[in-house]
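Below is one structure; the comments refer to it alone.
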There are 2 protein chains.
Amino acid sequence: MRRFAADRARRAVAASLRGAASSRSAAPSPLAPAPCHPAPPVGTAAALARTMSTAAAGTPPVSLNTINPKVLKCEYAVRGEIVTHAQNLQQELQKNPDSLPFDEILYCNIGNPQSLGQQPVTYFREVLSLCDHPALLDKSETHALYSSDAIERAWQILDKIPGRATGAYSHSQGIKGLRDEIAAGIAVRDGFHASGDNIFVTDGASPAVHMMMQLLIGSEKDGILCPIPQYPLYSASIALHGGSLVPYFLDEETGWGLEVDELKKQLEEARSKGITVRALVVINPGNPTGQVLAEENQKKIVEFCKNEGLVLFADEVYQENIYVEDKQFHSFKKIARSLGYTDGDLPLVSFQSVSKGYYGECGKRGGYMEITGFSPEVREQIYKLASVNLCSNVSGQILASLVMNPPKAGDESFESFMVERDGILSSLARRAKALEEAFNSLEGITCNKAEGAMYLFPRLHLPQKAIGVAQAAGTAPDAYYAKRLLEATGIVIVPGSGFGQVPGTWHFRCTILPQEDKIPAIISRFKEFHEKFMDEFRD
Amino acid sequence: MRRFAADRARRAVAASLRGAASSRSAAPSPLAPAPCHPAPPVGTAAALARTMSTAAAGTPPVSLNTINPKVLKCEYAVRGEIVTHAQNLQQELQKNPDSLPFDEILYCNIGNPQSLGQQPVTYFREVLSLCDHPALLDKSETHALYSSDAIERAWQILDKIPGRATGAYSHSQGIKGLRDEIAAGIAVRDGFHASGDNIFVTDGASPAVHMMMQLLIGSEKDGILCPIPQYPLYSASIALHGGSLVPYFLDEETGWGLEVDELKKQLEEARSKGITVRALVVINPGNPTGQVLAEENQKKIVEFCKNEGLVLFADEVYQENIYVEDKQFHSFKKIARSLGYTDGDLPLVSFQSVSKGYYGECGKRGGYMEITGFSPEVREQIYKLASVNLCSNVSGQILASLVMNPPKAGDESFESFMVERDGILSSLARRAKALEEAFNSLEGITCNKAEGAMYLFPRLHLPQKAIGVAQAAGTAPDAYYAKRLLEATGIVIVPGSGFGQVPGTWHFRCTILPQEDKIPAIISRFKEFHEKFMDEFRD
């Protein structure tokens with residue numbers, strides 16, 4: 001019974017291999033200005049190198065000339081050159097503590113609260129700890145170590161997991177019972193129905209964004225409208241998937257306002273170039289810009305997407321980070337539903353993450369996307385993409401369900417939970433205000449109001465001499481400023497050029513996350529550096 | 001100071017957008033035969049639809065005609081049609097337990113041990129539970145609930161994490177101290193040096209595979225040599241990244257042997273078609289085929305990669321799953337080093353996962369890749385890809401360090417750990433043997449030896465009549481068999497066509513993972529179905 005028609009079959013299969021030529025032109029980045037880490041040329045020479053056999057003597061099998069040019073094009077400034085430089089300085093400090101004019105590196109480059117001392121929310125960690133070791137639930141000693149509602153919640157969660165198996169791959173969208181809980185939390189937040197069937201739980205929000213970009217981008221003729229400045233995950237993901245970033249500019253003068261006229265103009269310009277714009281990315285509260293959109297503005301954005309046939313990608317990971325009394329978070333789904341749009345009217349994806357909010361559980365990699373308005377066939381394709389990676393991590397899934405359904409009044413942990421939660425949020429608000437005022441007090445810096453998120457994005461009005469020196473060194477002036485700041489103070493910020501900005505303007509992103517007792521010292525270190533810098537380069 | 005040259009700048013940026021035409025031809029799948037889920041046509045009509053404005057009245061913004069055609073092409077049978085069908089039957093069973101001729105669904109489609117009742121290793125879960133809630137470490141009651149070496153290990157791990165912040169994003173390669181521990185485990189396993197700088201900790205092995213495919217594949221002219229049959233993650237990832245799968249056939253007659261002559265032949269055939277083959281994928285122990293490569297064979301494979309200038313992707317996630325006395329696992333890095341090849345000679349990537357082995361912690365999404373032989377510039381690009389997703393989940397990182405450095409003789413948990421570990425592995429070996437013998441006892445089934453991994457891949461010698469009926473229904477004959485088996489017994493297997501097979505041959509993949517006490521009943525259910533099926537279609 002073991003006879004094969006192997007050879008003939010192999011020939012048949014091999015014959016189905018393709019040999020079509022591909023278009024490999026290197027296109028310029030739509031982000032302005034030139035990136036800080038210039039990519040090596042990937043033009044004709046690279047194309048030639050790629051067609052030659054890599055087995056040629058002395059040629060390494062893999063080189064910058066032979067790898068995927070899309071990877072070379074991709075930039076991710078939040079963990080870019082400046083951070084690598086900071087990590088090197090940190091190693092230097094460890095070896096020789098007196099070698100530098102500061103005694104610690106302050107990572108204000110990334111929204112990573114617990115790395116700067118924020119403590120995790122006790123209740124969430126109790127539940128995770130119990131779910132990791134369910135044998136504890138049967139032991140009486142456990143009651144001495146864990147709050148009773150955390151124990152009860154762990155039981156409830158385990159009962160939602162088939163076989164109580166926290167170590168099994170789950171459904172590729174996430175455990176159904178946890179998705180239902182997330183959906184219930186969304187319904188309470190918005191006052192509109194949500195379904196667990198529409199939730200895809202993911203390892204943080206980033207993989208969800210990649211998944212949707214992968215779905216919509218087939219070639220460079222597929223465009224995605226993105227704010228400038230933007231969170232560079234979007235530009236990186238669009239570059240990796242080979243699409244076109246269609247920029248729309250936020251208006252710094254109106255507090256980083258998002259004007260629908262600007263969207264329309266950029267959409268039309270892109271279309272006139274043969275680009276089919278597939279989706280609009282809106283980040284609210286804004287990253288890196290910290291603004292919170294007004295309800296009226298959101299309505300216009302929804303109408304725009306509906307009229308233009310665009311998918312709306314709503315990055316809503318900072319939904320709990322709002323620091324001003326006159327602003328409130330409204331999800332785009334709530335806005336769409338309040339306008340009377342139903343599931344069939346508008347494809348909408350809302351991204352949420354356990355890394356932000358008051359929880360700040362970045363290392364747990366939990367998050368979800370809620371997708372509405374897609375046809376069953378397209379949803380099946382999204383499910384297939386999720387299934388190729390099997391599922392997201394179960395602890396992150398549990399945490400995502402907890403942040404969307406935290407302790408309620410009457411629960412044993414409720415009061416201590418609220419103390420922790422409000423303590424973090426009110427401290428963040430004070431820190432945002434203090435930094436905003438400090439930046440605005442300096443010569444050559446203007447800074448918009450920190451309404452939400454975890455960042456400030458001040459504008460640097462640099463002396464011409466400083467710009468000249470930076471450019472002579474082949475560096476963007478804001479990158480030069482950031483490097484000098486790091487070397488003088490140990491403070492790590494991200495140059496505005498990593499996020500995109502109106503050409504000829506310079507900014508930086510600085511998180512509001514250092515612990516409150518450190519803020520005065522940071523401000524004075526910053527101020528001292530800045531004044532010296534301005535004096536050094538005064539025109 | 002708030003003056004902008006906004007309009008001019010916007011024009012400049014928008015002008016940099018590209019409008020180049022892309023090549024969008026739909027290429028046939030190199031996997032034989034036709035996939036079970038035929039993708040809708042993505043030819044001229046689709047191309048036309050994509051160039052039209054999606055805002056046209058009545059056209060949904062997203063449809064199968066407008067999404068990325070690479071997504072449509074991608075197939076992932078392990079969670080494909082048959083599993084969806086099983087999930088529907090399971091719901092039916094819950095509603096109406098007497099509606100089907102069986103009382104439970106047995107998921108033998110996927111290597112997911114804990115979903116079928118395998119218990120997690122206690123020591124690992126103790127450590128995870130403590131790291132999730134470090135406040136426990138300061139409490140005396142904790143000693144009543146956790147073993148003392150788990151407590152000590154949790155302290156050691158926390159000391160490796162900057163600020164003991166398990167909720168912070170880590171270094172994008174993973175926490176340095178944990179990577180060093182993984183490297184130490186590799187060095188003990190191989191007897192050759194390993195470095196934590198070469199480790200990238202990832203959410204399971206799948207994202208690591210995607211990352212490397214993304215790095216190497218720029219277009220359909222980039223080929224990856226993959227075994228047939230293969231684990232469909234590879235074909236899915238190659239399809240998603242737009243590359244060409246260059247198949248090489250494992251030889252069923254020699255126990256799924258991997259012949260270097262076959263590699264050479266397929267490599268040359270691909271090159272003659274203008275394809276630059278970038279890498280060779282080897283899965284050892286084999287998935288779905290369960291064979292363990294002999295050392296001599298591995299040496300020839302390494303020499304082949306060295307001579308041909310290929311990256312060697314060594315999928316070694318089943319390194320602890322070996323069930324026969326005369327075979328042993330050797331990592332490809334150990335083989336390469338024992339041949340005298342150093343870091344500069346050969347780019348080599350080894351994938352490992354916490355989902356397999358005796359641990360089977362699929363839901364934790366832990367894993368790593370060890371990369372050697374890449375230039376610093378290329379490594380920087382790999383790091384950049386890792387950084388775009390920030391980091392893998394910290395619990396998974398901790399678990400990856402634990403499986404590579406489990407309790408040692410003398411530790412309090414050592415004995416109980418060894419009992420759990422050996423209990424699982426010896427039971428898996430017995431189950432593999434029992435299923436292998438059962439399959440071989442049946443008319444029309446031949447099954448190779450289960451040397452390792454978690455699967456059997458028996459060949460079905462189906463009656464011509466059954467093949468005819470399946471084909472008339474537009475189904476691959478093995479898919480038809482799998483569907484009939486599911487509907488008669490509740491047993492879920494994956495048709496061989498999902499993995500690729502020599503055309504005209506039919507197989508299925510079945511895991512060895514149901515708990516041991518269930519194996520006799522499974523065998524008798526299977527046997528009864530199979531005999532009836534053969535009788536029904538006897539030629």
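Letters go in sequence order (proteins before strands), and every chain restarts at 1.
- For the set A:L116, A:L130, A:L346, A:L145, the count of heavy-atom pairs under 4.5 angstrom toward chain B peaks at A:L145.
- Proximity of a side-chain donor or acceptor of B:R365 to a complementary backbone N or O of A:C391 within less than 3.5 Å is detected.
- For B:E141, the CD atom is densely surrounded, since the number of other residues' heavy atoms within 6.0 Å is greater than 12.
- The minimum heavy-atom distance between B:P69 and A:G218, with the atom names listed, is CD-CA, 4.2 Å.
- Between the CG atom of B:L390 and the CG atom of A:D203 there is a distance of 12.0 Å, given to the nearest 0.5 Å.
- Heavy atoms of A:C305 lying under 4.5 Å from chain B are absent altogether.
- Taking CG from B:L64 and CD from A:Q381, the interatomic distance works out to 5.5 Å, rounded to the nearest 0.5 Å.
- For the set B:G360, B:C74, B:S237, B:G366, the count of heavy-atom pairs under 4.5 angstrom toward chain A peaks at B:C74.
- Between B:H210 and A:V388, some side-chain heavy-atom pair lies under the 4.5 Å cut-off.
- For the pair A:K384 (side chain) and B:V71 (backbone), a donor-acceptor distance under 3.5 Å is present.
- Heavy atoms closer than 4.5 Å to chain B are found in both the backbone and the side chain of A:L240.
- Side-chain atoms of B:K139 do not come within 3.5 Å of backbone N or O of A:A144 as any donor-acceptor pair.
- Looking at B:K364, its side chain never comes within 3.5 Å of a backbone N or O of A:G167 through a donor-acceptor pair.
- Remark: B:C131 SG to A:L128 CG distance equals 12.5 Å, nearest 0.5 Å.
- For the set A:A168, A:S375, A:A279, A:G223, the entry with the most heavy-atom pairs within less than 4.5 Å of chain B is A:A168.
- B:P347 and A:V62 get closest at one heavy-atom pair: CG-CG2, 4.4 Å.
- Both the backbone and the side chain of A:S115 come within contact range of chain B, each with at least one heavy atom under 4.5 Å from a heavy atom of that chain.
- Using a 4.5 Å cut-off between heavy atoms, A:L385 touches chain B through its side chain atoms alone.
- Side-chain atoms of A:S395 and B:S395 include no donor-acceptor pair closer than 3.5 Å.
- Using a 4.5 Å cut-off between heavy atoms, B:Q87 contacts chain A through its side chain alone, with no backbone atom that close.
- Scanning all heavy atoms of the two residues, the minimum distance from B:Y169 to A:N112 falls at N-OD1, 2.8 Å.
- The side-chain hydrogen bond (donor to acceptor under 3.5 Å, both in side chains) with B:T166 is formed by just one residue from the set A:Q114, A:R125, A:E361; it is A:R125.
- Summarising the geometry of B:P61 relative to A:G309, their closest heavy-atom pair is CB-O, 3.3 Å, with the distance given to 0.1 Å.
- Of the two parts of B:L215, the backbone and the side chain both hold a non-hydrogen atom closer than 4.5 Å to a non-hydrogen atom of chain A.
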Show your working on side chain to side chain contact (heavy atoms under 4.5 Å, CB included) between B:Q214 and A:K70 and close with a plain yes or no. CA-CA 9 Å; B:Q214 189 155 46; A:K70 297 191 200 91; over 6 Å; no
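- Within the 4.5 angstrom heavy-atom criterion, no atom of A:Q119 approaches chain B.
- The distance from atom CD1 of A:I67 to atom CZ of B:F374, rounded to the nearest 0.5 Å, is 10.5 Å.
- Within the 4.5 angstrom heavy-atom criterion, no atom of A:P120 approaches chain B.
- With a 4.5 Å cut-off on non-hydrogen atoms, A:Y146 touches chain B through its side chain but not through its backbone.
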Run the side chain to side chain contact (heavy atoms under 4.5 Å, CB included) test on A:T122 and B:H133 for me, step by step, so that the C-alpha distance in whole Å, both residues' side-chain angles and the decisive distance to 0.1 Å come before the verdict. CA-CA 8 Å; A:T122 307; B:H133 191 31; 4.0 Å; yes
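- Looking at A:S206, its side chain never comes within 3.5 Å of a backbone N or O of B:N389 through a donor-acceptor pair.
- Only the backbone of A:S392 comes within contact range of chain B, with at least one heavy atom under 4.5 Å from a heavy atom of that chain.
- Defined by atom type and a distance below 3.5 Å, a donor-acceptor pair is missing between the side-chain atoms of A:H241 and B:N68.
- Interface residue B:L136: only side-chain heavy atoms are found under 4.5 Å from chain A.
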